Amino acid sequence: MKFLDISRVSVWLAGVCVATSCTLAYVAFERAGLPYNVEGNYFDGLVNYHQQSVLAYAVMAVVTFLLALGLAWVHLKTRRC
């Protein structure tokens, strides 16, 4: 691949990673506000959410954001002036 192709792909993937990170952060924020019982469960009649899933969504959001930063760095290093 040429540098221009790598630069275009990396900026596109960085955008996808930022969108994914924002979505995961939103889900983690919304799930953190649910009223959990003492066992760490929230049940609304249809779905049972576990409180530990909030941490998992937050970690995935941070990892995808860091991946987006790495891809943005690759874009800056490979672009032509």
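Scope of the values below: all heavy atoms of this structure, side chains included, with no hydrogens, waters or symmetry mates. None of the values given here were measured: they were computed from a predicted structure.
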Going by side chain to side chain contact (heavy atoms under 4.5 Å, CB included), name the residues that satisfy it together with [X], two or more places apart in sequence or in a different chain.
| X | value |
| --- | --- |
| Leu13 | Val9, Leu71 |
| Ala58 | Ala28 |
| Leu55 | Val59 |

Which atom names give the shortest non-hydrogen contact between Ala72 and Ala14, and what distance separates them?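 Reported closest heavy-atom pair: N-CB, 4.2 Å.
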Within one Ile-Leu-Val-Met-Phe-Trp-Tyr cluster: Val54 and Val47, side-chain cutoff 4.5 Å: yes
Co-members of the apolar cluster containing Leu66 [side chain, <4.5 Å]: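 Noted: Leu66 shares its cluster with Val62, Phe65, Leu69.
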Is the closest side-chain heavy-atom distance between Phe29 and Leu24 below 4.5 Å? no
Listing request: all side chain to side chain donor-acceptor pair (under 3.5 Å) pairs with a residue in residues 43-67, at least two apart in sequence or in separate chains. Asn41-His50
Sequence neighbours excluded, every pair satisfying side chain to side chain donor-acceptor pair (under 3.5 Å) that has a member inside residues 17-33: none
Backbone N or O of Val11 within a donor-acceptor pair of the His75 side chain at under 3.5 Å? no
